[in-house]
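Accompanying notes for the structure given below.
All residue numbers refer to positions in the sequence shown, counting from 1.
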Amino acid sequence: MLMSFRWYGEKLDKIPLNYIRQIPGMRNVVSALYHIPVGEVWPLADIAELKEQIEAAGLLFQTVESVNVHEDIKLGLPSRDRYIANYCATLRNLAAAGVSVVCYNFMPVFDWTRTELAKVLNDGSTALAYNEQLIKGYSPEYLVEKMETDANGFELPGWEKERLSELKKLFAQYKAVDEEQLFANLGYFLQGVIPTAEECGIKLAIHPDDPPWPVFGLPRIVISRENLDRIISLVDSPSNGLTLCSGSLGANTANDIPAIFRHFGKLGKIHFAHVRNIKIHEPGIFEETAHKSDEASLDMYAIMKALHDTGFSGPLRSDHGRMIWGEEGRPGYGLYDRSLGAVYLNGLWDSIARETCGKER
C-alpha cells in the first residue's frame, strides 16, 4: 500500500510539500495539471516540472487525479474522437514521466456535489455535507453560485468556471442521455483509450459518482457493485480498473463497502483507494467525519482489512478531511485532518499485517 496525499501545486495549494513529507508514512503525492483546459493535451514539460517539484521534496509522483473527461465524450458528440485522441496523448506524456495510475470520473456536468462546504460538527470542526432535501429546492445555477461563494476563494476540483458557464446548454444536451446511453458513451471512451493505457503501462481508475444517485435528474452510473462489475467488463484489460472511494459509494447504505472492496480486490481491479468516513443521518443526508469516530457509519477496519487480505499494493489516500484547529483552506483539503486520517489508516494497516502475517507489511 502506497500512502498518498493530494496536492494542488505551488500556485493553488497553501500546503507546502515539505509539510506533506513530514506526515509519518507518507510516500506519494497525487496531483494534476490544473491550468490545462479539460480536453487539451497535458504538455510533457509541464508534467516533468511538477514531478521535479514533488521529487525534490523527497516524495514520489506516481498517481494523477484527475485527467478529466471532456463533456463531449460523456455526451457522445461527434467531437469526442478529437478529445479521446488528446486523452491518449496525455496518457503517453504521463507515462513518460513515470506516472502509473490515472484517476478519472464520468459524472455528467457536476463532479462531487455538496450542499454545505463547512457544516459545523458537534466538536466544532467543519466538514463537507450533503442534504438531498436542500438540493430539491436548489436550481443548478444556484448550486454553482453557492459552491463558489463557500469555497474560501479556491477553485474546487470538478467545479471549473469555464465548463459550468453553459449550464442550460449542458442540461438541454443531457435530456437525450439516459443511463444506458451514458454506459455506451463510457464504453466508447474506454475502447478508445485503454489500448494506449496498456501500451504505456498506465492503470486507468474510474472514480464512483459522489453522491451515488442522480442529481438534478442527470444520469449516474458509477454507483454500485453491479454497475462497477459492468464497467470493468466493458473492456477486458488490466488497465481498466477502479478508484474505490468508501465515502462516495458509502453514502448509499445499500452498498456494503467492505464487501465491495473485498470483491474487487480479489479481481485485482482496485488501482487506487480513497478511504474516508461519513455519518449518514437518513437516506440522502450525510456529512463527512473524522476517520475514527464512534458516530460515523463506515467500518474503517473492515475496509482496510479487505484491502490487505486481497493484496492491495496501490496508492491510497485518506481523501477529504474536516477543517480543524483553526485551519483555513480549500474545503475538504486541509493539512491537519487528512494527516490524522493517513496516520490512522497506516496504524490499521500495520495492526492488520501483524495479526495476519506476524510482521509489518
Side-chain angles (χ1 to χ4, degrees), residues 1-8 13-31 54 57-63 65 101 103 121-128 243-248 250 257-258 261 265 270 272-279 287-309 311-361:
M1 185 262 290
L2 184 67
M3 185 55 72
S4 306
F5 197 92
R6 192 172 188 180
W7 184 64
Y8 289 87
D13 204 316
K14 63 181 293 184
I15 302 170
L17 285 167
N18 64 310
Y19 284 16
I20 297 171
R21 178 68 178 84
Q22 293 169 21
I23 302 168
M26 189 57 62
R27 300 166 57 200
N28 181 50
V29 164
V30 178
S31 195
I54 292 169
L59 294 156
L60 301 172
F61 176 50
Q62 298 181 355
T63 312
E65 183 182 347
V101 175
C103 175
L121 306 184
N122 291 336
D123 62 4
S125 63
T126 63
L128 306 175
T243 296
L244 278 192
C245 177
S246 63
S248 297
I257 302 306
F261 271 72
I270 305 176
F272 190 11
H274 293 181
V275 183
R276 59 179 166 86
N277 219 330
I278 58 173
K279 170 64 178 177
E287 64 202 26
E288 300 185 5
T289 67
H291 283 73
K292 185 182 186 304
S293 173
D294 293 338
E295 298 180 357
S297 300
L298 303 181
D299 187 340
M300 296 289 101
Y301 174 86
I303 293 168
M304 294 300 288
K305 192 169 192 319
L307 288 169
H308 184 277
D309 289 353
F312 177 72
S313 60
L316 179 150
R317 68 180 184 86
S318 55
D319 206 16
H320 305 163
R322 304 165 298 148
M323 301 304 287
I324 63 174
W325 302 336
E327 185 178 19
E328 297 180 357
R330 180 179 281 104
Y333 288 96
L335 171 66
Y336 304 144
D337 200 44
R338 285 193 293 161
S339 300
L340 292 176
V343 173
Y344 175 65
L345 296 176
N346 263 332
L348 287 176
W349 186 270
D350 289 349
S351 296
I352 293 165
R354 286 173 179 263
E355 290 173 0
T356 57
C357 305
K359 60 181 180 180
E360 294 185 15
R361 181 175 176 178

Begin with the C-alpha distance, continue with both residues' side-chain angles, and end with the deciding distance and a verdict on side-chain contact (heavy atoms from CB on, under 4.5 Å) for Thr356 and Lys305. CA-CA 10 Å; Thr356 57; Lys305 192 169 192 319; 4.2 Å; yes
Derivation of the side-chain contact (heavy atoms from CB on, under 4.5 Å) call for Gln62 and Ser4: CA-CA 10 Å; Gln62 298 181 355; Ser4 306; over 6 Å; no
Between [atom1] of [X] and [atom2] of [Y], what distance do you get to the nearest 0.5 Å?
X: Met323; Y: Leu128; atom1: CE; atom2: CG; answer: 9.5 Å
X: Leu121; Y: Ile324; atom1: CG; atom2: CD1; answer: 11.0 Å
X: Asp319; Y: Glu288; atom1: CG; atom2: CD; answer: 7.0 Å
X: Met300; Y: Ile303; atom1: CE; atom2: CD1; answer: 3.5 Å
X: Leu298; Y: Ile278; atom1: CG; atom2: CD1; answer: 5.0 Å
X: Met304; Y: His291; atom1: CE; atom2: NE2; answer: 9.0 Å

Tell me whether Lys292 at atom NZ has more than 12 heavy atoms from other residues, nucleotides or ligands lying less than 6.0 Å away. no
State whether the number of non-hydrogen atoms from other residues, nucleotides or ligands found under 6.0 Å of Glu295 atom CD is greater than 12. no
What are the two closest non-hydrogen atoms of [X] and [Y], and how far apart are they?
X: Ser318; Y: Gly341; result: CB-C, 3.8 Å
X: Tyr8; Y: Asp13; result: N-OD2, 2.9 Å
X: Ala290; Y: Asn277; result: O-CB, 3.6 Å
X: Phe272; Y: Cys103; result: CD2-CB, 3.9 Å
X: Tyr301; Y: Glu355; result: OH-OE1, 2.8 Å
X: Leu59; Y: Asn28; result: CD2-N, 4.4 Å

With heavy-atom distances below 4.5 Å as the criterion, would you say the side chains of [X] and [Y] are in contact?
X: Asn346; Y: Met1; result: yes
X: Val343; Y: Leu340; result: no
X: Leu60; Y: Leu2; result: yes

Restricting to pairs with a member in residues 331-343, which pass side chain to side chain donor-acceptor pair (under 3.5 Å), not counting sequence neighbours? Arg6-Tyr333, His320-Tyr333, Arg322-Asp337
Please check this pair: side chain of [X] against backbone of [Y], looking for a donor-acceptor N/O pair closer than 3.5 Å.
X: Lys14; Y: Glu328; value: yes
X: Ser31; Y: Trp7; value: yes
X: Glu327; Y: Leu335; value: yes

Start with the C-alpha gap between Met3 and Leu316, add the side-chain angles, then the distance that decides, and say whether side-chain contact (heavy atoms from CB on, under 4.5 Å) holds. CA-CA 5 Å; Met3 185 55 72; Leu316 179 150; 3.8 Å; yes
Could you walk me through whether Leu345 and Arg317 pass the side-chain contact (heavy atoms from CB on, under 4.5 Å) test, one step at a time? CA-CA 9 Å; Leu345 296 176; Arg317 68 180 184 86; over 6 Å; no
